[in-house]
Amino acid sequence: MIDIIPIPAFEDNYIWLIRNQAFAAVVDPGDADPVMEYLLQHGLKLTAILITHHHGDHCGGAEELRQYFGCPVYGPRREKIAAVTQTVTENDTVNLPELSAAFQVIDVPGHTLGHVAYYGINSLFCGDTLFACGCGRLFEGTPEQMQNSLAKLAALPDETKVFCAHEYTLDNIRFARIADPGNVALQEREIRERQIRVQGLPTLPSTIALEKSTNPFLRWVDSHLIAAASQFAGHPLSSPASIFAAIRQWKDKLD
Ligand code: ZN
Ligand code: FE
């Protein structure tokens with residue numbers, strides 16, 4: 001039996017810990033301390049670290065954990081991350097035999113140029129690429145790259161659980177409501193997520209189906225979003241990348 005546990009870190013990061021009775025793997029350990037605390041408290045041996053991109057809040061604790069447990073550290077081939085021992089890229093597989101799990105690597109450039117996502121056991125670990133009702137900022141890539149990356153994630157099975165690296169959901173919904181005011185699924189989601197946050201619980205994981213129906217950064221085919229993006233841009237937009245780019249600029253302007 002596999003469980004996936006959120007370990008809160010910093011202001012609003014989640015370090016995702018995949019575990020069974022004896023072993024664990026972690027995704028994006030920006031801080032070693034809370035991970036170490038969980039592992040020792042539960043008597044688990046860390047067998048792998050998976051990193052999505054080079055930002056410190058995602059990989060800052062990897063080296064300390066690697067030294068303590070001697071486990072491999074998987075990370076993107078196109079980025080320089082000191083702790084990484086095995087670089088990975090599109091279509092590589094990360095096997096975690098102790099957890100009877102395997103993850104397929106998906107290249108998702110945009111937030112950073114080498115950003116990767118890990119897909120397996122009906123779960124997607126997407127770092128700062130896809131967020132609940134949002135997406136990562138374009139620090140290194142182009143809108144075309146990010147839209148293409150998000151399209152790959154949107155093509156995964158509807159029931160895929162989406163484990164994002166930050167609790168940004170309510171903030172993202174505030175913007176989504178502005179961009180997509182008539183979306184009933186989004187309005188219903190806001191009510192549910194508010195109740196979850198009032199209880200202090202994570203709004204994650206989400207699902208690909210829920211993101212496709214409510215996330216303005218995946219809805220470049222929706223006529224309302226196309227109209228709203230075109231109005232923001234001041235001229236008619238038709239390509240998915242240009243619609244995505246306008247929505248991203250719009251949110252950046254309001255943040
Ligand atoms: Zn980041
Ligand atoms: Fe981050």
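Bear in mind that the values here come from a model prediction, so they are computed numbers and not experimental data. Both ligands and their constituent atoms are indexed starting at 1 by order of listing.
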Tell me, please, if [X] has any N/O/S atom, main chain or side chain, under 2.8 Å from the Fe ion (ligand 2)?
| X | answer |
| --- | --- |
| His53 | no |
| His166 | yes |
| Asp28 | no |

- Task: State, to the nearest 10 degrees, the angle whose vertex is the Zn ion (ligand 1) and whose arms point to ND1 of His55 and NE2 of His53.
- Result: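 Roughly 90°, rounded to 10°.
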- In degrees, rounded to 10 degrees, what angle do His111 atom NE2 and Asp128 atom OD2 make at the Zn ion (ligand 1)? 90°
- Query: By atom name, which N, O or S atom belonging to Asp57 lies closest to the Fe ion (ligand 2)?
  - Reply: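 Considering only N, O and S atoms, Asp57 comes nearest to the Fe ion (ligand 2) through OD2.
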- Query: If you look at Asp128, which of its N/O/S atoms is nearest to the Fe ion (ligand 2)?
  - Reply: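 Answer by atom name: OD2.
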- Query: Which heavy atom in Pro216 sits nearest to a heavy atom in Cys133, and how many Å separate them?
  - Reply: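 Smallest heavy-atom distance, with atoms named: CD-O, 3.7 Å.
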- Item | Electrostatic pair Glu193-Arg197, nearest N-O below 4.0 angstrom | no
- Query: Is there a donor-acceptor pair closer than 3.5 Å between any side-chain N or O of Asp107 and the backbone N or O of Glu90?
  - Reply: yes
- Query: Do Arg137 side-chain atoms and His111 backbone N/O form a donor-acceptor pair below 3.5 Å?
  - Reply: no
- Are any N, O or S atoms from Asp57 nearer to the Zn ion (ligand 1) than 2.8 Å? no
- Query: Pick one: which of Phe175, Phe131, Tyr14 meets ring pair (Phe, Tyr, Trp, His ring centres under 6.0 Å) with Tyr168?
  - Reply: Phe131
- Query: Do Glu140 and His54 meet the criterion of a side-chain donor-acceptor pair at a distance under 3.5 Å?
  - Reply: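 Yes, a side-chain donor-acceptor pair sits under 3.5 Å.
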